[in-house]
There are 2 protein chains.
Amino acid sequence: MGTTKSDLFSKEQNDLAMMAKALAHPARIAILQYLVKTNACVCGDLVEELGLAQATTSQHLKELKTAGIIQGNIEGASVCYCINPKVWKQYKALFNAFFVDVDLKDKCC
Amino acid sequence: MGTTKSDLFSKEQNDLAMMAKALAHPARIAILQYLVKTNACVCGDLVEELGLAQATTSQHLKELKTAGIIQGNIEGASVCYCINPKVWKQYKALFNAFFVDVDLKDKCC
DNA sequence: TCCCATAATCGCAATATTACGATAAATATT
DNA sequence: AATATTTATCGTAATATTGCGATTATGGGA
C-alpha cells in the first residue's frame, strides 16, 4: 500500500492527476510564476527567490522537468531554466477541458 | 522535515497548490468526472465505479469535501454527493488565470 | 594547475499519502 | 426489537514527499 492503483483508471485520468501533482506544491507554483514573469530563462537565483535550500530547489526543478513543463539548458557553469511552451499549452488545454462542463446545471443535492 | 514550508509563499501560491493537490490523484479525478457526468448526485455506487475499497473511496471523498469542491447531503441511510458549483468555478478561474500568460512569448533558452 | 562558483545527486530524518480491514454509528427493513 | 445497509472513522502497513547537509561533477577564472 501507499502506492496509487493507477491501473484502475484511464490514461487521461492518470495524466491529469500527474499534471496536478506537478503543481501541488507552492514552491513549484512559485517557480513557474517566476519563469513566466521573467521569461528571461532564470537559473540559480531561484534559490534566493524561494528561500529554500539549494538541494530542495533543485529537487523541485527536477520534478517540473520530469513533468515536462519546464526545460533546462546548460549555459557555462549554470543552468538556464524556462517554461516549455508546448507542454504548458497542453496543461492549459487539459485543465480547461476538465473544468468546462459544469457551468450550466446549478442544481445539486 | 517532510512538511511543506508554506510560510515562504503567498496565500495565492498556497491556495493554488492546495487545489492542485486535491486533483492530484486519479481516483479523485474519476470521482469529479463521474459527478459532472451524472450530475444526479451520486452516493455509494462510487465504490463500484472506482474499484477501490469502501474505506479508501470514503477517504478520497473526504479530501474533496475538505477542499470544498464537492458537498455531501445525507439522504436516508446513504449520502448524496455532488459538485459545489461555486467552488468549481473558483478552481476553473484560478487555474485559468495561472495558465494564461505565456502564450505570446515562445522564445526560450 | 589550483581554486571558486554552480547545480545535481546521495543519504537521511520527519511527515504525508494511499490503501485496506475492522469497527462504529445511523437509518431502513423485516 | 432484530437485522441489514450505508457510510465514516480508527488503526496499521507500505510507500511517497519534503527538506537539508554533505558530496560530487563540471565549467570559469586566477
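Naming: A, B, ... by sequence-line order, numbering from 1 per chain. Because only heavy atoms are used, hydrogens play no part in the values below, and waters and symmetry mates are left out as well, while side chains stay in.
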Does E75(B) reach a base, just sugar-phosphate, or nothing at all? Heavy atoms under 4.0 Å. nothing
Side chain of A55(B) (C-beta onward), nearest among dC20(C), dT18(D), dT15(D): dC20(C)
Mind telling me whether Y91(B) and F95(B) have parallel, tilted or perpendicular rings, with 30° and 60° as the class edges? tilted
Compare side-chain N and O positions of T56(A) against OP1 and OP2 of dC20(D) and report whether any pair is under 4.0 Å apart. yes
Tell me whether the rings of W88(B) and F98(A) are parallel (<30°), tilted (30 to 60°) or perpendicular (>60°). tilted
Phosphate OP1/OP2 of dT17(C): any H60(B) side-chain N/O under 4.0 Å: no
Of the nucleotides dA8(D), dC20(C), dA7(C), which has the atom closest to the Q54(B) side chain? dA8(D)
Parallel, tilted or perpendicular, as decided by the 30° and 60° cut-offs, for the rings of H25(B) and H60(B): tilted
Report yes if at least one side-chain N or O of Y81(A) is closer than 4.0 Å to OP1 or OP2 of dA8(C); otherwise report no. yes
Starting at the 5' end of DNA chain C, which residue's closest nucleotide do you reach first, G44(A) or A24(B)? G44(A)
Taken to the nearest whole Å, CD1/I31(B) to P/dT7(D) is 13 Å
Take atom CG in L8(B); do more than 12 heavy atoms of anything else shown fall under 6.0 Å from it? yes
Rounded interatomic separation in angstrom, taking CG from L8(B) and P from dG19(D): 8 Å
Given dT15(D), dC20(C), dC20(D), which nucleotide is nearest the side-chain atoms of A53(A)? dC20(D)
Using whole Å, report how far CG of L61(B) lies from P of dT6(D). 15 Å
Over how many whole Å does the gap from K62(A) atom NZ to dG19(D) atom C1' extend? 15 Å
D45(B) or G51(A): which one's nearest nucleotide on DNA chain D is closer to the 5' end? D45(B)
Where the side chain of T3(B) is concerned, which of dA8(D), dA16(C), dT18(D) is the nearest nucleotide? dA16(C)
Give a yes or no on whether a donor-acceptor pair under 3.5 Å exists between the nucleobase atoms of dA8(C), that is its base, and the side chain of Q59(A). no
dT9(D), dG19(D), dA16(D): which one has an atom nearest the side-chain heavy atoms of S58(B)? dT9(D)
Check every atom of dT7(D), dG19(D), dT18(C) against the side chain of L52(A) and return the nucleotide holding the closest atom. dG19(D)
Nearest-Å distance for atom pair NE2/C1', residues H25(B) and dA16(D): 11 Å
If you compare every side-chain N and O of K21(A) against the phosphate oxygens of dT17(C) (OP1, OP2), does one of them come in below 4.0 Å? no
